[in-house]
Amino acid sequence: MIIAIDGPAGAGKSTVAKAVATQLGFAYVNTGAMYRAVALCALEAGFALPENESEIVALARHLPIALHDAGSRVFVSERDITDLIRTAQVGDFTSRVSALPGVREVIVAQQRRIGRESEAECGGAVLEGRDIQTVVFPDAPVKIYLDASPAERARRRLSEWTLKSGGAAAPFSLEEAERDITGRDERDSTRETSPLCAADDAEHVITDGLTPDEVVARIVAIVERRAGGV
Ligand code: C5P
């Protein structure tokens, strides 16, 4: 079974998708991390856009991206890039790199292969991203559109930062975080190739005011309902 979870940055997709996958014994695939891997390697190679579009597409085609540790760590060959892809610079370049049709074609093919292999190996996969239910697996039996208000997503980003840095003051304000989030939403949902949007038959889950456990329980209930053919 393929479980497709899409939604904007900061809606809680990663936390929730990982927990749903663990609970069901399925593989977890963070598709944003795959685009981030391409963006990181393109930046390291000194590529810029729009001038290096063809070089970036060629790089994506030959990049040996691998997901390890139940999908929580991202490798390129033997190199663990999990932390390197989380910087603001990489995040920003990723939303430009992921708008390139040539890059999407290559990465979507890899995502479909991972999904199919996971179904054969462990019965299913939970894929989270922006276009899983509309492009990668439009026939997925479970489609979830996860969302939260920009203010809530900005609050989460700030508290995540504070938690990771051991309580130090974040180098950005709540207003800046919200501006960054709405800017990324705008880019992701207005681009020509695979814009972020909910499939017509997606179940919408709004996570404002819900704990991750509550969101996971809702999604697992939807999966059970769909598995029972309802
Ligand atoms: O999910 P995450 O925030 O790590 O994704 C980083 C960027 O990758 C997004 O802002 C989006 O531009 C792009 N992305 C995408 N399609 C996906 C997943 C991510 O275009 N399926």
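What you see is a predicted model; the values in this text were computed from it and never measured.
In terms of modelled atom types and a separation under 3.5 Å, the side chain of Asn30 and the main chain of Ala33 share a donor-acceptor contact. No donor-acceptor distance shorter than 3.5 angstrom exists from the side chain of Gln133 to the backbone of Ala198, with no hydrogens or angles considered. Checking side-chain atoms of Thr207 against main-chain N and O of Asp147 turns up a donor-acceptor pair under 3.5 Å. Between the Thr31 side chain and the Glu128 main chain, a donor and an acceptor come within less than 3.5 Å of each other. Using a distance-only test at 3.5 Å, with no hydrogens or angles considered, a donor-acceptor pair links the side chain of Arg156 to the main chain of Ala11. Side chain of Thr134 to main chain of Ala199: no donor-acceptor pair is present (N/O by atom type, distance under 3.5 Å, no hydrogens or angles). Although no hydrogens or angles enter the test, the distance criterion places no donor-acceptor pair under 3.5 Å between the side chain of Arg187 and the main chain of Arg96. A donor-acceptor pair under 3.5 Å is formed between the side chain of Glu214 and the backbone N or O of Thr211. Side-chain atoms of Ser173 come within 3.5 Å of backbone N or O of Glu176 as a donor-acceptor pair. The closest donor-acceptor contact from the side chain of Lys13 to the backbone of Asp6 lies at 3.5 Å or more, if one exists at all.
Taking each heavy atom of Ala27 and Cys122 in turn, the nearest pair found is N-SG, 3.6 Å. Here the closest heavy-atom approach between residue Lys143 and residue Phe137 is recorded as CE-O, 4.3 Å. The two atoms that bring Arg79 and Leu84 nearest to each other are NH2-CD1, 3.4 Å, heavy atoms only. In terms of heavy-atom proximity, Trp161 sits nearest to Phe172 at CD1-CE2, 3.6 Å. The heavy-atom pair separating Ala37 from Val76 by the smallest distance is CB-CG2, 4.3 Å.
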Inset, instruction - Walk me through it: do Asp208 and Arg155 pass the test salt bridge (Lys or Arg N to Asp or Glu O under 4.0 Å)? - result: CA-CA 11 Å; Asp208 285 65; Arg155 263 195 303 277; 5.2 Å; no
Inset, instruction - Start with the C-alpha distance between Arg73 and Asp83, add both sets of side-chain angles, then the distance that settles salt bridge (Lys or Arg N to Asp or Glu O under 4.0 Å), and finish with yes or no. - result: CA-CA 9 Å; Arg73 302 215 67 85; Asp83 298 323; 3.7 Å; yes
Legend entry - Criterion side chain to side chain contact (heavy atoms under 4.5 Å, CB included) on Val74 and Arg36, from CA distance to verdict: CA-CA 10 Å; Val74 191; Arg36 282 174 183 267; over 6 Å; no
Inset, instruction - Dump the intermediate steps for side chain to side chain contact (heavy atoms under 4.5 Å, CB included) on Thr94 and Ile85, then the final yes or no. - result: CA-CA 9 Å; Thr94 303; Ile85 59 174; over 6 Å; no
Inset, instruction - Go through the steps for Ile132 and Ile5 under the test side chain to side chain contact (heavy atoms under 4.5 Å, CB included), then give the verdict. - result: CA-CA 7 Å; Ile132 310 303; Ile5 302 182; over 6 Å; no
Inset, instruction - Show your working on salt bridge (Lys or Arg N to Asp or Glu O under 4.0 Å) between Glu203 and Arg226 and close with a plain yes or no. - result: CA-CA 11 Å; Glu203 305 244 10; Arg226 291 288 166 101; 3.0 Å; yes
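The shortest side-chain heavy-atom distance between Ile114 and Leu127 does not fall under the 4.5 Å cut-off. Side-chain contact between Tyr28 and Ser14: present, with at least one pair of heavy atoms (C-beta onward) separated by less than 4.5 Å. Using a 4.5 Å heavy-atom threshold, the side chains of Asp188 and Pro195 count as separate.
Other residues, nucleotides and ligands place more than 12 heavy atoms under 6.0 Å from the CG atom of Asp201.
Put simply, Val106 and Val135 are part of two different groups of oily side chains (I, L, V, M, F, W, Y) that touch within less than 4.5 Å, one to the next.
Chaining together hydrophobic side chains whose heavy atoms lie under 4.5 Å apart places Tyr145 alongside Leu196.
Residues meeting the side chain to side chain contact (heavy atoms under 4.5 Å, CB included) test with Arg104, sequence neighbours left out: Tyr35, Ser98, Asp131, Arg191, Thr193, Ser194.
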Show which side-chain atoms of residues 18-25 pair as donor or acceptor with protein atoms under 3.5 Å away, not counting sequence neighbours.
residue : atom : partner : partner atom : Å
Thr22   : OG1  : Lys18   : O            : 2.9

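Between Arg157 and Glu160 no salt bridge is recorded (no basic side-chain N to carboxylate O distance below 4.0 Å).
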